[in-house]
Amino acid sequence: MTERPLPREFFDRPSHEVAPDLLGKVLVHGPVAVRLTEVEAYGPPGTDPASHTYRGRTKRNAVMFGPPGHVYVYFTYGMHYCVNLVCLPEGLGSAVLIRAGEVVEGVEAARARRGPVVRDRDLARGPARLTVALGLGREHNGLDACDGGALRILEGDPPADPPGVVGERPPVILAGPRTGISTAVETPWRFWFAGNPTVSPYRRHVPRRRSSTSGV
DNA sequence: CTCTGGATGATCT
DNA sequence: GATCATCCAGAGA
């Protein structure tokens, strides 16, 4: 694996421009490396109702308002963590949610965390599964992915064949609505590699009430 | 493959 | 009190 970290400037632009460029890049934590195949962009305050920063800065989303190239890790549904890469300069809270990828190094370590019966393509297929495969949690919130530490985002390997030579073509990137959100459902800020088996299935948001409202 | 409902707690109104 | 950038198991096609 080529150890070439993305420069911080890569993230110093709108998240919906960063997002498609992140596909094929490699997120590394310790022994596990994941080649990104699916991402979603979330915009700055007041511009994107689906973004955690839409209503301004809070304790939870503070990292999104920090410098670009850092990771925002949040806890949701009482049991899952998801990881984002922060975009734009300090003060403009926005980020790219990392939704899925292919484990290209450390399959053994990833399987140890995800379980022995999980198929290879499912190890990091989905945002919460991906954080488990990488071993990320609350304690990693705010870390810098561009400083060459244990958690880092890399350029990834260049195509094996030079231009013009018959071989693998660059992957086709598709865009569509984001997954599982209840607002701005038509904004096409989800990006993925067409036909890649590690991309998670699209799921529409389903409003759900908790069962048992009165204690009978 | 699709659809449904349960799990579980931090966060925000 | 309601919602939530999810996952899993189980049922059905």
Side-chain angles (χ1 to χ4, degrees), chain A residues 14-16 18-20 22-23 27 34 36-65 70-88 93-101 103 110-111 113-119 121-142 175-192 195-216:
Chain A
S15 56
H16 62 275
V18 172
L22 272 174
L23 296 176
L27 185 59
V34 174
L36 307 185
T37 60
E38 182 191 0
V39 297
E40 281 178 1
Y42 288 88
T47 68
D48 179 8
S51 176
H52 283 182
T53 59
Y54 184 57
R55 290 157 203 272
R57 182 177 187 142
T58 67
K59 192 179 222 175
R60 174 170 79 148
N61 65 25
V63 170
M64 279 182 75
F65 288 85
H70 290 236
V71 298
Y72 166 53
V73 181
Y74 69 91
F75 181 68
T76 191
Y77 288 101
M79 63 192 91
H80 297 303
Y81 291 95
C82 297
V83 62
N84 297 248
L85 287 161
V86 175
C87 298
L88 292 175
S94 79
V96 175
L97 170 69
I98 309 302
R99 285 199 56 87
V103 177
R111 189 184 306 287
R113 295 177 177 132
R114 290 275 291 123
V117 303
V118 176
R119 293 183 299 176
R121 62 174 258 184
D122 291 329
L123 286 173
R125 189 188 191 205
R129 292 162 163 189
L130 180 140
T131 60
V132 171
L134 282 169
L136 295 176
R138 175 146 291 195
E139 66 270 32
H140 305 284
N141 186 36
R178 293 171 290 186
T179 300
I181 56 172
S182 57
T183 58
V185 294
E186 288 304 315
T187 304
W189 280 3
R190 172 178 179 245
F191 305 90
W192 69 94
N196 188 294
T198 68
V199 173
S200 70
Y202 175 79
R203 291 195 206 295
R204 185 178 114 262
H205 175 76
V206 189
R208 311 182 60 181
R209 255 182 91 188
R210 215 155 173 154
S211 56
S212 160
T213 41
S214 63
V216 183

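Protein chains get the first letters and strands the later ones, always in sequence-line order, with residue 1 at the start of each.
Atom OH of A:Tyr202 is separated from atom P of B:dT2 by 13 Å (rounded to the nearest Å). Counting to the nearest Å, the P atom of B:dT8 and the NE2 atom of A:His80 are 11 Å from each other. Between the P atom of C:dA5 and the CE atom of A:Met64 lies a distance of 11 Å, rounded to the nearest Å. Taking atom CG of A:Asp122 as the reference point, atom C1' of C:dC7 lies 12 Å away to the nearest angstrom. The distance between atom CG of A:Asn84 and atom C1' of C:dA5, rounded to the nearest whole Å, is 8 Å. Residue A:Arg209 contributes atom CZ, which lies 16 Å from atom C1' of B:dG6 at whole-angstrom precision.
Note on residues 45-55 of chain A: pairs passing salt bridge (charged side-chain N to carboxylate O under 4.0 Å, His left out), not counting sequence neighbours, are A:Asp48-A:Arg178. Pairs passing the side chain to side chain donor-acceptor pair (under 3.5 Å) check and including a residue from residues 123-134 of chain A, sequence neighbours excluded, read A:Asp122-A:Arg125.
Among residues two or more places apart in sequence or in another chain, the side-chain contact (heavy atoms from CB on, under 4.5 Å) test is passed with A:Ala19 by A:Val39, A:Ala41, A:Val96, A:Phe191. Applying the side-chain contact (heavy atoms from CB on, under 4.5 Å) criterion to A:Phe75, with sequence neighbours excluded, gives A:Tyr81, A:Arg138. Partners of A:His16 by ring pair (Phe, Tyr, Trp, His ring centres under 6.0 Å), not counting sequence neighbours, listed by chain and number: A:Trp189. In this structure, the side-chain contact (heavy atoms from CB on, under 4.5 Å) partners of A:Arg203, at least two apart in sequence or on a different chain, are A:Thr179, A:Pro201. Contacts of A:Ala95 classified as side-chain contact (heavy atoms from CB on, under 4.5 Å), with partners at least two apart in sequence or in another chain: A:Met64, A:Asn84. Considering only residues two or more places apart in sequence or on other chains, A:His52 meets the ring pair (Phe, Tyr, Trp, His ring centres under 6.0 Å) condition with A:Tyr72, A:Tyr74.
In this structure, A:Phe65 and A:Thr53 have side chains that are in contact, with non-hydrogen atoms separated by less than 4.5 Å. Residues A:Val18 and A:Leu85 fail the side-chain proximity criterion, which asks for heavy atoms closer than 4.5 Å. Using a 4.5 Å cut-off on side-chain heavy atoms (C-beta onward), A:Pro127 and A:Val83 make no contact.
Using a 4.0 Å heavy-atom criterion, one finds that A:Ala50 contacts the bases of the nucleic acid, with or without backbone contacts as well.
Under the stacking criterion of a centre-to-centre distance below 5.5 angstrom and an interplanar angle below 30°, A:Tyr77 is not stacked against the six-membered ring of B:dA7.
Listed candidates were C:dA5, B:dT8, B:dC1. Nearest to the side chain of A:Met79 is B:dT8. Residue A:Leu97 places its side chain closer to C:dA5 than to any other of C:dA5, C:dC4, C:dC7. With C:dT6, C:dC4, B:dC1 as the candidates, the nucleotide lying closest to the side chain of A:Arg121 is B:dC1.
Distance alone, capped at 3.5 Å, places no donor-acceptor pair between the A:Arg114 side chain and the A:Val132 backbone. Side-chain N or O atoms of A:Ser51 include none that pairs as donor or acceptor with a backbone N or O of A:Tyr42 at under 3.5 Å.
Between the base of C:dA5 and the side chain of A:His52 there is a donor-acceptor pair shorter than 3.5 Å.
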Mark up nucleotides 8-13 of chain C, 5' to 3', with B wherever a protein heavy atom is under 4.0 angstrom from a base atom, S wherever such an atom reaches only the sugar-phosphate, and - elsewhere.
S-----
Under 3.5 Å between N/O atoms: give me all the protein pairs with nucleotides 11-13 of chain B, atom names plus distance.
residue: B:dC12; atom: OP1; partner: A:Thr58; partner atom: OG1; Å: 2.5

Determine which bases of DNA chain B form Watson-Crick or G-U wobble pairs with both distances under 3.5 Å, and write the result as a 5' to 3' dot-bracket string with | for other-strand partners.
|||||||.||||.
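Closest approach of A:His140 to A:Gly135, counting heavy atoms only: NE2-O, 3.3 Å.
If you check residues 181-190 of chain A against DNA chain C, the residues with a heavy atom closer than 4.0 Å are A:Ile181, A:Ser182, listed by number.
Between A:His205 and the phosphate of C:dC4, there is a side-chain N or O to OP1/OP2 separation shorter than 4.0 Å.
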